[in-house]
Amino acid sequence: MRMSHLFGRTLREAPADAEIPSHKLLVRAGFIRQLAAGIFTAMPLAKRSLTKLENIMREEMNAIGGQELTMPVVHPAELWQETGRWYQIGSEMGRFKDKNNRDMVLAMTHEEVVADLVRKEIHSYRQLPILIYHIQTKWRDDPRPRAGLIRVREFTMKDSYSLDATWEGLDKQYRAHYQAYFNIFHRSGLPVIAVKSDVGMMGGQMAHEFMYLTPIGEDTLLLCDDCGYSANRQIARFKKHILPTEPPLPIEKIATPEIKTIEDLANFLDIPKEKTAKAVFLIASITDNNETIDKFVFAIVRGDMDLNETKLTNALKAKELRPATEEEILAVGAVPGYASPVGLNDVLIVVDNIIPKSSNLVAGANEEGYHFRNVNYGRDYKADIVSDIVAAKEDDLCPVCGHPMHTIRGIEVGNIFKLGTKYSEALGCTFQDKDGKDKPVIMGSYGIGSGRLLASVAEEHHDEHGLIWPITVAPYQVHLIILPGKDKKEVQETAERLYQNIKEAGIEVLFDDRNESPGVKFNDADLIGNPLRVTVSQRSLNKNCVEFKRRDQKEKTMIPLEAIIPYLKKSITELEMEIKEKEVEVPFTD
RNA sequence: CGGGGUGUAGCGCAGAUGGAAGCGCGCCGCGUUUGGGACGCGGAGGUCGGCGGUUCAAGUCCGCCCACCCCGACCA
């Protein structure tokens, strides 16, 4: 490709609304352009890199038996109504009506379509197992797109779906994806770890997220250095510090004027925070038989811990959870700042599972300026649900080995879910098993966003001058620069010939044939970040050489003109080997 | 959806107290340059986010709306 005709120019300055390096550099280098919040065009350079990433995914999916297909982006609403997600999912779903006034859905994901296909195509255990996948555009009207390509509304995903007759079969395909995903990320030059995660809107039994660790990540992870336990904070468990049990003392009302926070309360009474109970009020939308009702939820955690809303949502099987307003709190008879579970009716009380093991706590008295001492679970109040609903934090103890854990930020670049029979049951995907009985197909779903992956690779591989693409992802393998000098003719002809020869050798080359000054050309080459650079100039040709430089190294070397093509081939192989070495087998951790 | 911020040329920005829309980079033409973002001369490019109001006069003051960014809630 000639740079003089490349669509998409480089910018000296990044637009002011770009903040993170991958966003700034991808825009400056001409890879992406923004159309609206969370909606981007992939320019020709980005398209080439995306295609490479997607081909890596294809190879790894094919290697574990995947069959590629393409499913539609627009779905009839009926399908989503059958699984109930039409009702469960809120404004994140893109909905519109077609010309006949039929409700339509923009695909957020494709479980419904897969299940629909399966019920039409799969009738016998003899047809299973199956692995299908596609690479398709999806729309999720995220309330907050941000960080360039990291979090967008329209995106392309590699999505695979496993279909099995047995749970062992699902486990096998799940584990195959686990390793295939590590292969994909390693081949893309991206270091990742797998952590256990929440199943979210997908539902199902088990999920892992593949995390690229970076301070700009939006997810917080808990890791145990000792035994390797790793989990998203949304679901991370930990060993809770159990206080010595005391005999229950009589409940006692005490004046605590102007004391509203746990901090103040602990100071005022001169007791540790873990001797207090903290109340949090929320409104949960709970769906039952496709009918959604709002329930007032009174959650109680020990004063030294914080509520984890994901855990609470899961404990409640709620669709949505939001903080209650002051009016709503007063309406149920609770007093903000002095709230107590003692003597409240008509609310759903959820307590953390450490609370029943903690005796004689201080809690609100439901009266302005007063608290109760010696509140005991069971004697003074009861809960509708007792569950683990608190968030793990730095230095909390590992639930497996008891070692203190630490927190780290990450970007979720891929996920794998054991869906089980949720969708197949809802949509009636059954097959006839050996025993002659109809059984629901057991499903798994596995996704990787290609744009997010591209941005993560850019985030991992850049310096102050620009991008430094891994050879497997780079838009072009070679960046060829011509510096014509005073007497243009010889240099020009040599560079043109070299450009043709490189192309004919099957090497991907971007040829900077523009009439620009050397500084501009070198800077653009650094910015775009193709791995190998070749410079043809009067100076080099005087020695019958061209200059060679790797983007990831400082040294420049002079290579005889006639030797440059084999040299480039050798360098490409070297770079490919460097990536290959990072491909390793990763033990499956449950 | 809550909190904060920003909208003036393709990009980055300046335009106190209302009084003729500017700068740098980029772009077009001609010439000189040519190993790390060159120089001279000449040009093109704007509904100042939108609508309404105040005023003799609004980029500037007031109101409403919209878009985009950041923090949170939420999410691949």
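By convention in this document, chain letters (A, B, ...) are assigned in the order of the sequence lines, proteins followed by strands, and residues within each chain are numbered from 1. Because the structure is a prediction, the values reported are computed rather than measured.
Here A:Pro143 lies in heavy-atom contact (under 4.0 Å) with a base. When heavy atoms are screened at a 4.0 angstrom cut-off, A:Val413 is found touching no nucleic acid atom at all.
Side chains of A:Thr214 and A:Glu459: no donor on one and acceptor on the other come within 3.5 Å. With hydrogens and angles left out, the side-chain atoms of A:Ser540 and A:Glu547 include no donor and acceptor closer than 3.5 Å. With no hydrogens or angles considered, no side-chain donor-acceptor pair links A:Glu59 and A:Asn55 at under 3.5 Å.
If you take atom C1' in B:A21 and the same atom in B:A57, they sit 16 Å apart, rounded to whole Å. Separation of the C1' atoms belonging to B:G10 and B:A44 is 13 Å when rounded to the nearest angstrom. Distance noted for atom P between B:U60 and B:A16: 11 Å (whole Å). To the nearest whole angstrom, the two P atoms, one in B:C71 and one in B:U54, are 41 Å apart. When the C1' atom is compared between B:C62 and B:G18, the two are found 13 Å apart, to the nearest whole Å. Comparing the C1' positions of B:C48 and B:G7 gives a spacing of 10 Å, expressed to the nearest Å. Rounded to a whole angstrom, the distance from the P atom of B:U47 to that of B:G59 is 13 Å. B:A58 sits 15 Å from B:G49 when the P atoms are compared, rounded to a whole Å.
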Heavy-atom protein contacts under 4.0 Å, nucleotides 35-50 of chain B, coded B base, S sugar-phosphate only, - none: BBBS------------
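For the pair A:Ile411 CD1 and B:C75 P, the interatomic distance rounds to 18 Å; values are reported in whole Å. Distance CZ (A:Arg33) to P (B:C68): 18 Å, rounded to an integer number of Å. Straight-line distance from the CG atom of A:Asp142 to the C1' atom of B:G72: 14 Å, rounded to whole Å. Separating the CG atom of A:Asp306 from the C1' atom of B:G72 is a distance of 15 Å, rounded to the nearest angstrom. Distance, A:Asn308 CG to B:C75 P: 11 Å, rounded to whole Å. When the P atom of B:C75 is taken as reference, atom CZ of A:Arg233 falls 14 Å away, rounded to whole Å. The CD-P distance, from A:Glu92 to B:A73, rounds to 15 Å in whole Å.
Partners of A:Ile64 under the side-chain contact (heavy atoms from CB on, under 4.5 Å) rule, at least two apart in sequence or in another chain, are A:Met61, A:Leu131, A:Ala176, A:His177, A:Ala180. Residues that satisfy the salt bridge (Lys or Arg N to Asp or Glu O under 4.0 Å) test with A:Asp388, not counting sequence neighbours, are A:Lys240, A:Lys311. Residues passing the side chain to side chain donor-acceptor pair (under 3.5 Å) test with A:Thr407, sequence neighbours excluded: A:Glu394.
Taking the six-membered ring for Trp and the full ring otherwise, A:Phe281 and A:Phe298 have centroids separated by under 6.0 Å. A:Tyr178 and A:Phe182 have their aromatic ring centers within a separation under 6.0 angstrom. Centroid-to-centroid, the aromatic rings of A:Tyr567 and A:Phe548 come within less than 6.0 Å.
Electrostatic pairing of A:Glu111 and A:Lys422 does not count as a salt bridge here, judged by no charged N lying under 4.0 Å from a carboxylate O. Between A:Asp141 and A:Arg153, at least one side-chain nitrogen of the basic residue sits less than 4.0 Å from a carboxylate oxygen of the acidic one, meeting the salt-bridge criterion. For A:Asp512 and A:Arg514, the salt-bridge test passes: some basic side-chain N is under 4.0 Å from an acidic carboxylate O.
Across the interface with RNA chain B, nearest-nucleotide mapping of A:Phe155 and A:Leu35 shows A:Leu35 to be the residue nearer the 5′ end.
Residues A:Phe588 and A:Tyr174 form a side-chain contact, since some pair of their non-hydrogen atoms from C-beta on lies under 4.5 Å apart.
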Shorter than 3.5 Å, N or O on both sides, protein versus nucleotides 69-71 of chain B: list them out with atom names.
{"unit_1": "B:C69", "atom_1": "OP1", "unit_2": "A:Gln34", "atom_2": "NE2", "d": "3.1"}
{"unit_1": "B:C70", "atom_1": "OP1", "unit_2": "A:Ala147", "atom_2": "N", "d": "3.3"}
{"unit_1": "B:C71", "atom_1": "OP2", "unit_2": "A:Arg144", "atom_2": "NH2", "d": "2.2"}
{"unit_1": "B:C71", "atom_1": "OP2", "unit_2": "A:Arg146", "atom_2": "NH1", "d": "3.3"}

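For RNA chain B, the stems formed by at least three consecutive Watson-Crick or G-U pairs, with both atom-pair distances below 3.5 Å, span B:1-7 with B:66-72, B:10-13 with B:22-25, B:27-32 with B:38-43, B:49-53 with B:61-65.
Because its glycosidic torsion is more than 90° from 0, B:A73 is reported here as anti.
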